[in-house]
Amino acid sequence: MNSLLDAQGLVKHYQIGGGGLFGLGERPLLKAVDGVSLSIDAGETLGLVGESGCGKSTLGRLLIRLLPPTAGRVIFEGQDLTSLHGASLKQARRAMGVVFQDPFGALDPRMTVEAIVREPLLIHGERADRGRTAAMLEQVGLPASAAARYPHEFSGGQRQRIGIARALILQPRFLVCDEPVSALDVSVQAGIVNLLQDLQARLGVAMLFIAHDLGVVRHISDRVAVMYLGRVVEQADKRTLYARPMHPYTQALIAAVPALTPVGRAERRAKRIRVGGDIPSAMAIPSGCRFHTRCPVAMPVCRETDPPLVEHAPGQSVACYLYGG
Amino acid sequence: MSDSPARATIRRLLRHRLFVTGLALFLIVLVLAALAPWITTVDPTKLSIRAKFKPPSMDFVFGTDNLGRSLWSRTVWGARLSVEIGVAVVVLNAIFGTLVGAISGYFRWADAPLMRINDALMAFPAILLAIGITAVLGPSTENVILALAVVYIPRTARIVRASVLVLREMEYVQAAVAAGAGHARILRTHVIPNALAPLIVQLSFLFAYAVLTEATLSFLGLGAVPPTPTWGNIMAEGRQYMIEAPWIITIPGVLLMITVMGLNLLGDGLRDVLDPRLRLQA
């Protein structure tokens with residue numbers, strides 16, 4: 001266990017509503033993240049994929065302690081993040097960065113780009129001169145003239161670059177990218193993904209790359225974890241996962257990635273796995289395997305007991321009774 | 001060079017017709033108040049019984065009252081007092097309203113207790129609470145300021161709290177948390193500056209309410225002690241001679257109207273430019 005980051009049994013539950021008069025009523029529980037363990041090595045990119053509302057953003061925030069977990073631990077560089085407070089937590093945050101989805105909400109509209117990028121340096125009492133922010137802006141592909149301007153003067157893709165500059169200026173060892181390209185035009189997405197890939201190669205930062213489709217993740221990830229209703233249902237090397245997806249949910253997600261050639265399309269149509277309906281509510285998670293309500297190959301056992309995440313092939317873990325377990 | 005949001009806002013304000021009209025009206029009152037010692041030649045409390053009930057003329061621009069005091073001097077010094085009280089109440093609100101609102105909105109544990117106190121104060125009609133407080137403390141300028149601050153701070157705090165509740169969840173605040181910023185830094189650099197727009201709108205209306213409520217209190221004899229001239233007590237005295245000497249009550253009344261109307265137009269303009277969402281609700 002010498003990975004950079006180790007999450008063990010992470011759980012995040014929310015109590016919804018006031019529970020009636022004087023809080024005496026029963027308060028429904030929203031299980032956003034419901035028992036996730038994963039690890040990320042230094043310099044590695046883990047792609048995290050799942051539908052909206054499956055808890056992937058919550059998981060990302062738990063890993064960098066933007067949210068306190070209900071249960072479980074996050075071990076980052078040998079330190080239990082969940083037990084840190086005050087100065088030691090601040091110190092740990094130095095080594096972690098985050099890039100958000102919404103390029104419009106992620107930048108303070110009243111600050112210049114330079115002030116935004118410089119802020120992490122100021123927080124940690126570091127030298128925050130013009131040269132340093134200018135160098136960072138250049139690394140993310142923004143002109144030096146951007147420094148004195150305000151976020152509203154930039155396009156979505158450029159704003160995302162500003163956010164990336166802010167996240168990387170302290171040279172973190174771990175970066176959470178929470179759907180960094182989902183809100184961008186397709187034409188701009190590739191630029192941001194390539195930039196992240198470049199920077200990662202240059203800086204050696206480990207990344208959790210969150211996305212809701214497998215297409216984007218494929219380019220950038222070393223390993224991919226698929227999340228469904230607060231759980232990781234499959235986790236594997238990128239190559240393995242795309243070539244031989246095991247979990248029916250992963251198979252359906254891969255089938256949903258649009259094919260580029262007519263031949264590929266026909267081939268895919270033949271063996272397409274369809275998943276109907278919507279993701280169930282995180283406030284009423286199905287018993288047994290949480291995917292059985294939508295699973296095309298559900299068996300009686302799936303309704304009864306919850307399949308554990310088991311390593312079925314080297315480097316490939318699946319939570320599904322199709323493979324024994 | 002690029003345009004800062006602040007400078008762009010000022011430019012848009014100056015193009016807003018209502019804002020400029022309101023500003024002009026309010027400036028009339030501000031100028032009168034600021035120049036009071038230089039533009040009045042007669043002591044506002046100087047009696048001259050021989051000159052009582054003089055209608056507006058060349059000698060007395062606004063006429064004289066029942067005791068022969070110059071109404072020009074009295075209303076101009078009254079304007080000064082109104083503006084002083086308005087400024088004091090606005091400043092107290094800006095400080096304590098922001099403090100209570102920001103703490104309440106940002107720190108969840110503080111929200112319930114602070115807001116219950118707030119609700120209790122807001123449950124009283126503004127004027128009744130102000131009358132109650134000045135009645136207990138006794139009539140004086142300081143007590144009027146204190147009463148008006150107590151009455152209006154909960155309202156200001158509510159507005160600040162509402163913006164802070166939204167702002168604390170913004171991703172740029174989350175980004176600052178992730179970078180290791182402490183609460184003080186986040187409140188100072190991200191939350192409070194971004195909560196200012198609705199606060200400024202509120203404060204411009206508050207200035208009008210403060211002037212109006214102060215006039216009401218001193219009309220009722222609970223404001224600054226006579227013979228100190230205030231618009232309220234000039235009107236209270238003039239009320240008895242409304243038929244014989246209508247100018248006594250009319251002149252401060254018109255000035256009060258100009259002040260309140262000016263500030264309301266100014267506030268509407270600020271609201272349109274700073275906080276367009278509010279316009280849809282209004």
Side-chain angles (χ1 to χ4, degrees), chain A residues 18 57 60-61 63-67 86-113 115-125 145-154 159 162-163 166-167 169-170 172 174-176 178, chain B residues 1-13 98 102 106-109 111-113 115-116 119 160 163-201 273-277:
Chain A
S57 286
R61 281 162 203 236
L63 292 185
I64 54 172
R65 207 169 181 271
L66 268 183
L67 290 171
S88 48
L89 178 62
K90 182 174 170 181
Q91 209 47 42
R93 289 199 191 282
R94 264 191 81 110
M96 305 183 292
V98 57
V99 176
F100 291 104
Q101 170 179 6
D102 175 15
F104 291 87
L107 307 175
D108 190 331
R110 287 176 184 272
M111 292 168 87
T112 61
V113 169
I116 289 168
V117 175
R118 185 176 54 194
E119 193 181 16
L121 295 174
L122 296 177
I123 289 168
H124 290 278
S145 62
R149 290 158 66 191
Y150 288 85
H152 69 87
E153 301 173 62
F154 293 90
R159 282 159 172 256
I162 300 167
R166 171 180 60 193
I169 193 144
L170 286 170
F174 179 51
L175 183 67
V176 169
D178 187 2
Chain B
M1 224 25 238
S2 95
D3 209 5
S4 81
R7 220 177 318 150
T9 303
I10 290 171
R11 199 152 14 80
R12 270 191 300 159
L13 277 174
T98 305
Y106 188 79
F107 299 104
R108 301 307 294 267
W109 50 264
D111 195 29
M115 282 302 113
R116 290 305 79 75
D119 291 345
V160 174
S163 337
V164 171
L165 280 177
V166 174
L167 290 169
R168 67 194 294 270
E169 302 300 333
M170 294 299 289
E171 288 186 336
Y172 57 79
V173 170
Q174 298 294 308
V177 174
H183 296 310
R185 179 181 188 93
I186 288 167
L187 281 169
R188 201 177 59 235
T189 62
H190 295 294
V191 174
I192 290 173
N194 282 294
L196 283 183
L199 176 67
I200 289 171
V201 174
V273 172
L274 292 178
D275 207 354
R277 280 165 305 149

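Each chain gets a letter, A, B and so on, in the order the sequences are listed, and its residues count up from 1. These numbers come from the heavy atoms of this one structure, side chains and all, not from hydrogens, waters or symmetry mates.
A/Gln101 and B/Glu171 make their closest contact through N-OE1, 4.0 Å (heavy atoms, listed as atom of the first residue, atom of the second, distance). Residues A/Leu66 and B/Ala178 share a closest heavy-atom pair of CD2-N, 3.7 Å. Shown here for A/Arg110 and B/Pro193, the closest heavy-atom pair between the two residues is NE-O, 3.2 Å. The two residues A/Arg93 and B/Val177 come nearest to each other via the heavy atoms CD-O, 3.0 Å.
For A/Arg65, no part sits under 4.5 Å from any heavy atom of chain B, backbone or side chain. With a 4.5 angstrom heavy-atom cutoff, A/Pro109 touches chain B via backbone and side-chain atoms both.
A/Glu119 has no carboxylate O lying under 4.0 Å from a charged side-chain N of B/Arg188, or vice versa, which leaves the two without a salt bridge.
A/Leu67 CG to B/Gln174 CD: the interatomic distance, rounded to the nearest 0.5 Å, is 7.0 Å. Atoms OG1 and CD1, on B/Thr189 and A/Ile123 in that order, are 7.5 Å from each other to the nearest 0.5 Å. With values rounded to the nearest 0.5 angstrom, B/Arg7 atom CZ is found 8.0 Å from A/Tyr150 atom OH.
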Problem - Worked verdict on B/Met170 versus A/Phe100 for side-chain contact (heavy atoms from CB on, under 4.5 Å) - result: CA-CA 10 Å; B/Met170 294 299 289; A/Phe100 291 104; over 6 Å; no
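For CZ of B/Arg116, the number of neighbouring non-hydrogen atoms (other residues, nucleotides, ligands) closer than 6.0 Å is greater than 12.
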